[in-house]
**Student:** 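Below: one structure in structure tokens.
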There are 2 protein chains.
Amino acid sequence: MMRTYTIGELGRLTETKVETVRYYERVGLLPHPPRSSGNYRVYDDAHLGRLGFIRRARELGFSLDQVRELLDLAGQTTRSCEEVDEIVQAHVTDIERRIHDLQTLRQELTQLLAQCQHGKVAECRIIGALQPYADRPMAG
Amino acid sequence: MMRTYTIGELGRLTETKVETVRYYERVGLLPHPPRSSGNYRVYDDAHLGRLGFIRRARELGFSLDQVRELLDLAGQTTRSCEEVDEIVQAHVTDIERRIHDLQTLRQELTQLLAQCQHGKVAECRIIGALQPYADRPMAG
DNA sequence: TCTTGACCCTGTAATGACTACAGGGTGGAT
DNA sequence: ATCCACCCTGTAGTCATTACAGGGTCAAGA
């Protein structure tokens, strides 16, 4: 009494475009499902679970390679979850670095905006700040 | 008495890979420079200035399309710098959204890490939290 | 003069993670 | 019979580079 799903149903259930489901299959994240007589892909609950896992991990910002590792580890149920922890920890560190970079960027841009006197481009401090060789002409 | 540069010199001065300089030319961000007798690209200070502008704007996170707009506006010196302001402001808003998204993500992941009991994968809360259909089997 | 070696040239393909067709077949309802 | 929504494969596009492969150029040293 196993429920089956077409690729469209699977997509709706996991908020994944049909093309993306096929893409995951192509790159080996989803197993090749059996086919119907009309050559349609036939999915079951195991596929639904696996695709759900992938999408949730992607939402959390993991790369497909990281997702691959996590899926692999998730299958080895008796193993210590140390490596899972490491992957997540590394990802948090990466996210923190990106937050920091973006904050630096925002500050630079905000300072540029504060300097703008809303005059003509010729005197614009923003444009000026973008020109590291302001004494030279600029090609166009 | 105009200084000229080879593509390699230009790259060193602006911390740009040679391939990237050629790429900017291909997509129309840099004008086609004149060529030497041996078919080498010959750049001058105007090119240096323009490439510097591009690289600085890229460092500040502007897309190449935004850089194109900024370069275009920078050339229209008598125009009001309102549009420059708008582009930068839109970019700041975008960056703020990204910072916010990343902060949300970091919090979710930090919570996952806090729940990890460092046991076996079978009981791992992290893996569990990634499985939206935890009652179902998972294909592999 | 010859030969290194560093540089330059073009053109094409790869990266990540999809997305968007084109051109066709299937399935169920009317 | 016909319609439409859905499915199929295969290929190419996105963004901003980067990485070759397979050649040509140029200045210096032996």
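Note on naming: letters A, B, ... go to the chains in the order of the sequence lines (proteins, then strands), and numbering restarts at 1 for each one.
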**Student:** To the nearest 0.5 Å, tell me how far A:L64 CG sits from A:Y23 OH.
**Tutor:**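 Atom-to-atom, A:L64:CG and A:Y23:OH are 5.0 Å apart.
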**Student:** Taking everything shown except A:E123 itself, do over 12 heavy atoms lie less than 6.0 Å from its CD?
**Tutor:**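 Enclosed: over 12 neighbouring heavy atoms sit under 6.0 Å from CD of A:E123.
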**Student:** Are the side chain of B:E9 and the backbone of B:T6 linked by a donor-acceptor contact shorter than 3.5 Å?
**Tutor:**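 It does hold such a pair.
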**Student:** So which protein N/O to nucleotides 15-17 of chain D N/O distances come out below 3.5 Å?
**Tutor:**
from   : atom 1 : to    : atom 2 : distance (Å)
D:dA16 : OP1    : B:L64 : N      : 3.1
D:dA16 : O3'    : B:R58 : NH2    : 3.2
D:dT17 : OP2    : B:Y24 : OH     : 2.9
D:dT17 : OP2    : B:R58 : NE     : 2.7

**Student:** Could you check whether A:D44 and A:H47, counting side-chain N and O atoms only, form a donor-acceptor pair closer than 3.5 Å?
**Tutor:**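 Yes, side-chain donor-acceptor contact under 3.5 Å.
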**Student:** Closest-nucleotide mapping onto DNA chain C: is A:K17 or B:E9 further toward the 5' terminus? I mean the 5' end.
**Tutor:**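 So the residue in question is B:E9.
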**Student:** Work out how much the helix from C:dT1-D:dA30 to C:dT30-D:dA1 bends between its end axes, five pairs an end, to the nearest 10 degrees.
**Tutor:**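 Between the axes fitted at each end of the helix from C:dT1-D:dA30 to C:dT30-D:dA1 lies an angle of 30°.
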**Student:** Taking the nucleotide of DNA chain D with the closest heavy atom to each, which residue, B:T16 or A:Y40, is nearer the 5' end?
**Tutor:**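 The residue whose closest nucleotide sits nearer the 5' end is A:Y40.
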**Student:** Any side-chain heavy atom of B:I7 sitting closer than 4.5 Å to one from B:Y40?
**Tutor:**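 Heavy-atom side-chain distance check fails, nothing below 4.5 Å.
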**Student:** Counting heavy atoms not belonging to B:E82, are there more than 12 under 6.0 Å from its CD?
**Tutor:**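 No.
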**Student:** Taking the side chain as C-beta and beyond, is there a heavy-atom pair between A:C81 and B:R125 under 4.5 Å?
**Tutor:**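 Counting from C-beta outward, A:C81 and B:R125 never come under 4.5 Å.
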**Student:** Starting at NE2 of B:H100, measure out to CD of B:E96 and round the result to the nearest 0.5 Å.
**Tutor:**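 Taking NE2 in B:H100 and CD in B:E96, the distance rounds to 11.0 Å.
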**Student:** Looking for any heavy atom pair under 4.0 Å, which part of the strands does B:R41 touch: base, sugar-phosphate only, or nothing?
**Tutor:**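 Since only primed, P, OP1 and OP2 atoms lie under 4.0 Å of B:R41, the category is sugar-phosphate.
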**Student:** Between D:dC26 atom P and B:N39 atom CG, what is the distance in whole Å?
**Tutor:**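 Atom CG in B:N39 sits about 10 Å away from atom P in D:dC26.
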**Student:** So, does B:R106 use its side chain to make a donor-acceptor pair with the main chain of A:I95 at under 3.5 Å?
**Tutor:**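 It does not hold such a pair.
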**Student:** How many Å lie between CG on A:L10 and P on D:dC6, as a whole number?
**Tutor:**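 Value for this atom pair: 15 Å.
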**Student:** Grab the CD-C1' distance between B:E15 and D:dT18 for me, whole Å please.
**Tutor:**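 In whole Å, D:dT18 C1' and B:E15 CD are 17 Å from each other.
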**Student:** Please list, in 5' to 3' order, the outermost nucleotides of DNA chain C lying under 4.0 Å from any heavy atom of chain B.
**Tutor:**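 Reading along DNA chain C, I get C:dC7 to C:dT10.
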**Student:** Step by step, would you call B:D101 with B:R98 a salt bridge (charged side-chain N to carboxylate O under 4.0 Å, His left out)?
**Tutor:** CA-CA 5 Å; B:D101 289 353; B:R98 278 154 64 194; over 6 Å; no
**Student:** What are the two closest heavy atoms between B:E25 and B:P33, and how far apart are they?
**Tutor:**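 The pair with the smallest heavy-atom distance is OE1-CD, 3.4 Å.
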